[in-house]
Amino acid sequence: MRLDVTIRKKEEIETVADFLSASVVRSINVTHTHDDDIDPLEVAVRLKGRIPDLDIMLHLATKYFCAQSMDDCRMGFQKQVKGAIRAGIQKVLVVSGHPKIHFDSLEALQFLQQEHLATNLEVYCAYNPYFDPARLRVEHERLERKLTFPFLKGICLQIGMDTSKLKKGVDQVRALRPDIALFGSVPVPSEATLNRLKLATLYGVFLPNSYLLSVESAKEMTKDLLAAFKQYRIEPLVFAPHI
């Protein structure tokens with residue numbers, strides 16, 4: 001199990017470090033946010049300084065490296081990647097974010113390959129099996145292109161509760177790359193999480209109204225999803241917006 005950590009204020013870093021120090025969790029994702037004041041690499045380095053054995057996957061959304069020229073986008077992305085390598089952070093999750101810009105996750109993967117930066121990294125990407133048919137066709141085409149990069153180690157699946165769509169997506173991924181590692185995003189079924197998801201809908205997250213209706217129904221659906229994760233050999237990536 002991995003914990004998906006989102007920090008929106010610098011003063012939250014120590015709070016999260018204290019929580020992790022007192023828990024058994026030693027695998028986390030550090031999520032890239034829209035706040036210019038928060039550098040995900042800085043967060044990752046400070047957490048690792050407090051907890052040296054922490055297994056960190058650095059989440060890099062390419063939309064945050066948006067600049068007028070493609071070269072500037074690449075330079076910003078390269079700075080983060082090289083900083084991660086210097087800090088001993090080997091896992092990076094590369095996503096486009098929403099809305100996509102001209103420098104998206106596929107451009108970033110191509111850049112990593114051209115600059116031979118992936119040699120020192122474990123690179124992961126995202127896939128959403130819960131889209132409607134039209135968007136799912138585009139998503140699958142992008143997945144096929146992502147999986148052609150031999151250095152890609154794994155795929156992180158978006159949040160969703162439809163286990164039939166999940167199975168179809170997993171089958172498609174493994175048909176292309178049987179060796180690929182799979183992570184599945186799953187929210188903590190708590191009142192705080194439900195309130196967060198109700199107030200600010202996350203792009204690409206498809207949760208039925210019955211899930212958002214109550215903590216009890218959310219717990220039941222999460223239980224079924226985790227059973228599917230176990231059956232399909234998917235490691236849970238736990239979305240906990242409040243620690």
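Remember, it's a predicted structure, so these values are computed and weren't measured experimentally. Hydrogens, waters and symmetry mates play no part in the numbers below; they use all other heavy atoms, side chains included.
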Euclidean distance, His140 NE2 relative to Tyr127 OH, rounded to 0.5 Å:
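With rounding to 0.5 Å, OH (Tyr127) is 6.0 Å from NE2 (His140).
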With hydrophobic residues grouped by side-chain heavy-atom distances under 4.5 Å, do Leu109 and Val92 end up in a single group?
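Per the 4.5 Å side-chain linkage, Leu109 and Val92 are co-clustered.
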Is there a donor-acceptor pair closer than 3.5 Å between any side-chain N or O of [X] and the backbone N or O of [Y]?
| X | Y | result |
| --- | --- | --- |
| Arg26 | Leu54 | no |
| Lys198 | Leu212 | yes |
| Thr163 | Leu225 | no |
| Thr193 | Pro189 | no |

Please determine if [X] and [Y] form a salt bridge, counting it only when a charged side-chain N lies under 4.0 Å from a carboxylate O.
| X | Y | result |
| --- | --- | --- |
| Asp55 | Arg2 | yes |
| Asp104 | Arg142 | yes |
| Glu12 | Arg8 | no |

Sequence neighbours excluded, every pair satisfying side-chain hydrogen bond (donor to acceptor under 3.5 Å, both in side chains) that has a member inside residues 222-235:
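Those involving residues 222-235 do not exist here.
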Please indicate whether Gln80 has more than 12 foreign heavy atoms, meaning atoms of other residues, nucleotides or ligands, lying under 6.0 Å from its CD.
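Check passes, neighbour count above 12.
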Has Arg50 got more than 12 heavy atoms of other residues, nucleotides or ligands less than 6.0 Å from its CZ?
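Enclosed.
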Would you say the ring centers of Phe77 and Phe103 fall short of 6.0 Å from each other?
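Ring centroids of Phe77 and Phe103 are less than 6.0 Å from each other.
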Are a donor atom and an acceptor atom from the side chains of Arg74 and Ser69 found within less than 3.5 Å of each other?
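No, no side-chain donor-acceptor pair sits under 3.5 Å.
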